[in-house]
Amino acid sequence: MGKVVVPVGPQHPALKEPEGFSLTLEGEKVVSATVRLGYNHRGIEKACEERTYTQNIYLIERICGICSHTHSTCFIQCVEELAGVEITSRAAYIRTLVGELERIHSHLLWLGVAGHEIGFDTLFMYSWRDRELVMDLLAMLTGNRVNYGINTIGGVRRDVSSEQIKDILKTVDKLEERTKYYIEVLTQETTIVQRLAGVGRLSKEDAIRLGAAGPTARAAGVKRDTRKDDPYAAYGEVPFEVITDQNSDVLGRGIVRVKELMESYKIIRYVLERLPEGELTVKVPKKIPAGEAISRYEAPRGEDVHYVKSNGTEMPERVKVRAPTLANLSSISHMLEGGYLADVPIIIAAIDPCFSCTDRMITVTDREKDSKSMLDWNKLRAYSIDWHKERGLDFSAISHLREDGR
Amino acid sequence: MSGGKGLCSLYISPEKRKFIMFDKLINWARMKSPWIIHFNTGSCNGCDIEIVSTLTPRYDLERFGVQQKGSPRHADVLVCSGPVTLQTKDRIQRVYEQMTEPKFVVAVGTCASSGGVFTGCYGVSGGIDSVVPVSAYIPGCPPRPEAIIDGVVKLLGSLEKKEEEEKK
């Protein structure tokens, strides 16, 4: 039997974003997988060069709606480094607080989507219901559920009041209760463990070789977290643990994420208890001195890197973004190969892909090896007609109706 | 491209109605249970997660009979988010053509309505209406789930009104 190529996407119910995957199958097994990027390419990096730094914050924030705080903070850290300003510690604490709330909302979102991909819709509904609590907090703190707009060059735009702190702590307690339940579900529930264990394996060596980032790498036992390795905002002062897992499969990636939720609650409690007094912003000149800067940020999905080159005017000369999903994409083809077709959606979902982050460039990775033995649709039809004919069923009479092969 | 007649295309004109009771039943079913298909045409994800939020317990759009479907051939309403990128332009046209009549397009978010913050980017061709005809616009960056529900309910309301007018 020859190989069959199955296209997945760009419009596909399992993918929330337009992205193409071309899978070569041998029976049920995936032989090779090709990722086709670029459907989300809008040209943000170029557009940044035509806008001022302040305008860019709001454009950069819209690289991705799920990790918007990630991108704006990462960009602003570059600009602040170029301008040579140090933000107040209150601003750093508020950035950390919003960053962790964002991580909670993103991880709960992932848990729901993963549940949906394996047909466990109850988990999807549960975790999205709980996620609304975090969305309420973000709306209360920043004024918007998504794309918070709390960052500005030199600090943050909104303060946190003592009533808000009470509300946040109350909600965090509720969420912690729920998260304990999710940890139980992911580690003990037989159906989930049976479905996810051993799916999409990525060994520690492969994770390092392919440059995996975030929970994908940590689930393979690679202790890599920018918050610890290169602390920014208030992470240098906050105690927390880097969660790793030895499972190296989709189950491990899930466990790492839910356990990270618990760490996020710890960080939020620490930050709110020790929120220092002080100004929210420091003054930054509109014209940023010429120079280059690079900054790193641990997004919910992995390490996000921004590069800014300034030429002494109000607008940057070059902005470059390397989003975590791009780092994880090369490991996706590796994880898909050798797996089953039915596992494809959950393996793709397990890196928590965010293609709006990634698609500011076009990369085509071609891993097809053997194109000679492929069967196209018409050949496959002819094959099935013959197969049935041998068994006494003749469909050839109606074949003229479907000459176009549709 | 077929379609593009907007709201009027939901109804079969009176002279063509041979089985009026049957048509009424179909129209009633369509209005009480519009099935949607979601297509991200280059959005930042913000609108997409809010669309999914409207389908989950807190907002629960399913109480209006709205269900998300995987295939364009099963759907009545195409819910789009994001500015149309040059790469998705052909795809959204194909998805739109695969939908059966009558069909509607809802543009969720400022980017989908006009291009928004991405206007002028070299990879963006503009709002959804630069490619396929749009029946309802829901502005916001991103619109709150309440706004999305309001938009869908308003679209359904306008269809019902249209039917009443045609009766007269």
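Every chain is numbered from 1, with letters handed out A, B, ... down the list of sequences. Every value quoted in this text rests on a predicted model; they were computed, and no experiment measured them.
- Among all heavy-atom pairs drawn from A:Arg42 and B:Thr85, the shortest one is CG-CG2, 3.7 Å.
- Among all heavy-atom pairs drawn from B:Cys121 and A:Ala47, the shortest one is SG-CB, 3.5 Å.
- For A:Leu59, the parts lying near chain B are the backbone and the side chain together; criterion is any non-hydrogen pair under 4.5 Å.
- Across all their heavy atoms, B:Leu55 and A:Met125 have their closest contact at O-CE, 3.9 Å.
- For B:Val95, the part sitting under 4.5 Å from any heavy atom of chain A is the side chain, from C-beta outward, and nothing else.
- In plain terms, the two heavy atoms of B:Cys141 and A:Asn147 that are nearest each other are SG-ND2, 3.7 Å.
- Considering only heavy atoms from C-beta on, A:Tyr58 stays 4.5 Å or farther from B:Val117 through its side chain.
- Checked options A:Leu109, A:Ile66, A:Asn40; the residue passing with B:Asn45 is A:Ile66 (criterion: side-chain contact (heavy atoms from CB on, under 4.5 Å)).
- Put simply, OG on A:Ser106 and CD1 on B:Ile49 are 8.5 Å apart, with the number rounded to the nearest 0.5 Å.
- In this structure the side chain of B:Asn40 never reaches within 4.5 angstrom of the side chain of A:Tyr39, judged on heavy atoms.
- With a 4.5 angstrom heavy-atom cutoff, B:Ile51 does not touch chain A via any of its atoms.
- Atom OH of A:Tyr126 has 12 or fewer neighbouring heavy atoms from other residues, nucleotides or ligands inside a 6.0 Å radius.
- Side chains of A:Val146 and B:Glu50 form a contact here, defined as non-hydrogen atoms less than 4.5 Å apart.
- Expressed to the nearest 0.5 Å, how far CD of A:Glu132 lies from OG1 of B:Thr56 amounts to 5.5 Å.
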Might you work through the salt bridge (charged side-chain N to carboxylate O under 4.0 Å, His left out) test for B:Arg58 and A:Asp136, ending with a clear yes or no?
CA-CA 12 Å; B:Arg58 167 82 68 94; A:Asp136 286 346; 3.0 Å; yes
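- The distance from atom CD of A:Glu45 to atom OH of B:Tyr122, rounded to the nearest 0.5 Å, is 7.5 Å.
- Heavy atoms of A:Arg62 lying under 4.5 Å from chain B belong to its backbone as well as its side chain.
- The two residues A:Asn144 and B:Pro142 come nearest to each other via the heavy atoms ND2-CD, 4.2 Å.
- Other residues, nucleotides and ligands contribute over 12 non-hydrogen atoms within 6.0 Å of the CZ atom of A:Arg318.
- By the 4.5 Å heavy-atom criterion applied to side chains, B:Ser53 and A:Arg131 are counted as neighbours.
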